[in-house]
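See below for the structure under consideration.
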Amino acid sequence: MINDYKKWYSGKEDFLNHLFHHDSIIFYRLHNIINVLNFIRELPEEELNDDYDVIFDTGFSFLFTTINEIEMYLTKYFNNNLHAFLNYEVLINYSLYLNDLKNVLQEQESYTEQTNLVFNDVLEKIEMIISKKNKFDINIVDEFDQMIMGSFIYSKEHITTSEVFDRIAEELQLE
């Protein structure tokens, strides 16, 4: 899996660097996942263990899927124009967050039919704004967040994959 990641990462490194140099919030959403994967990638084989394997597999799978989603937005709506894409990255980042949160809620069996309706409504509104290249007020994300947070019960802590990797990076004392 590490060799697959190395090969995949080398093909995505320029794109990730462009996001980094544009101070992209999407890059910062993925930053600690990349840091943790690169840390594990550089470990000597004798230091690798089952915990690192699970962390690596989870992180690479998440990163692979997320980058594919980002590239889909970039090509489908912005004709590979990164600068145009970055004008809507707040909404795209929120959409990525919702996909991550949806997975967490489903794993915790907290994702109800009502939750699904609200998530789909928000995602449709985001897609409409992006597809029509409509201007939007940044506060719309707060409105979306209120809708989303009102659609499920907070009986458990809902930690997204990105947040898990933030904690792992902190534990490993990575930048």
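Basis for what follows: all heavy atoms, side chains included, without hydrogens, waters or symmetry-related copies.
Within the 4.5 Å cutoff, the side chain of L16 has heavy atoms near those of the I67 side chain. Side-chain contact between L86 and S24 is present, with at least one heavy-atom pair separated by less than 4.5 Å. Here the side chains of L123 and N99 are in contact, with some heavy-atom distance below 4.5 Å. Under the 4.5 Å side-chain criterion, counting only non-hydrogen atoms from C-beta, V104 is not in contact with I159. A heavy-atom distance below 4.5 Å is found between the side chains of Y9 and N38. In this structure, F152 and Y111 have side chains that are not in contact, with every pair of non-hydrogen atoms separated by 4.5 Å or more. By the 4.5 Å heavy-atom criterion applied to side chains, D121 and V118 are not counted as neighbours. Annotation: side chain of F60 is not in contact with side chain of I2 (no heavy-atom distance under 4.5 Å).
Take H83 and apply the side-chain contact (heavy atoms from CB on, under 4.5 Å) test, not counting sequence neighbours, and it matches H22, N81. Contacts of K133 classified as salt bridge (charged side-chain N to carboxylate O under 4.0 Å, His left out), with partners at least two apart in sequence or in another chain: none. Applying the side chain to side chain donor-acceptor pair (under 3.5 Å) criterion to K6, with sequence neighbours excluded, gives no partner residue. When the side-chain contact (heavy atoms from CB on, under 4.5 Å) test is applied to S162, the partners found at least two apart in sequence or on another chain are R29, I33, F62, D100, T160. In terms of the side-chain contact (heavy atoms from CB on, under 4.5 Å) criterion, residue partners of D57 (sequence neighbours excluded) are, by chain and number, M1.
Considering CD of E69 and OG1 of T65, their distance stands at 7.0 Å, rounded to 0.5 Å. For the atom pair NE2 (H158) and CG (N103), the distance works out to 13.5 Å, reported to the nearest 0.5 Å. Going from atom OG1 of T66 over to atom CD of E71 covers 11.0 Å, rounded to the nearest 0.5 Å. To the nearest 0.5 Å, atoms CG (L37) and CZ (F64) are separated by 13.5 Å. In this structure, CD1 on I126 lies 5.5 Å from CG on L91, to the nearest 0.5 angstrom. Atom CZ of F56 sits about 6.5 Å away from atom OH of Y5, to the nearest 0.5 Å.
Put simply, the side chain of Q106 never gets that close to the backbone of L101: no donor and acceptor are under 3.5 Å apart. Within the 3.5 Å criterion, the main-chain N or O of N134 finds a donor-acceptor partner in the side chain of Y88. Listed for the D145 side chain is no donor-acceptor partner under 3.5 Å among the backbone atoms of V141. Under the 3.5 Å distance criterion, the side-chain polar atoms of S151 are matched with a main-chain donor or acceptor of I148. For the pair S10 (side chain) and K7 (backbone), a donor-acceptor distance under 3.5 Å is present.
Ring geometry for F85 against F78 counts as perpendicular: the plane angle is over 60°, on a 0 to 90° scale with 30° as the lower cut.
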Report the C-alpha distance between E143 and K125 in whole Å, list the side-chain angles of each, state the deciding distance to 0.1 Å, and finish with yes or no for salt bridge (charged side-chain N to carboxylate O under 4.0 Å, His left out).
CA-CA 12 Å; E143 293 170 27; K125 287 177 180 177; over 6 Å; no

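Hydrophobic clustering (side-chain heavy atoms under 4.5 Å, transitive across Ile, Leu, Val, Met, Phe, Trp, Tyr) keeps L117 apart from F119. Using a 4.5 Å cut-off between side-chain heavy atoms of Ile, Leu, Val, Met, Phe, Trp and Tyr, with links allowed through other members, I25 and I138 fall into the same hydrophobic cluster.
In plain terms, the two heavy atoms of F27 and L19 that are nearest each other are CB-CB, 3.8 Å. Of all non-hydrogen atoms in T115 and T112, the two that sit nearest each other are OG1-OG1, 2.9 Å. What you find for F165 and G59 is that their closest heavy atoms are CZ-CA, 3.3 Å.
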Table please: side-chain donor-acceptor pairs of residues 43-51 below 3.5 Å, with sequence neighbours left out.
| unit_1 | atom_1 | unit_2 | atom_2 | d |
| --- | --- | --- | --- | --- |
| N49 | OD1 | D51 | N | 3.0 |
| N49 | OD1 | Y52 | N | 2.9 |

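In the model, H31 has a side-chain atom that pairs as donor or acceptor with a side-chain atom of N35 under 3.5 Å.
Considering I26, I70, L96 as possible partners of E89, the one that fulfils the side chain to side chain contact (heavy atoms under 4.5 Å, CB included) test is I26.
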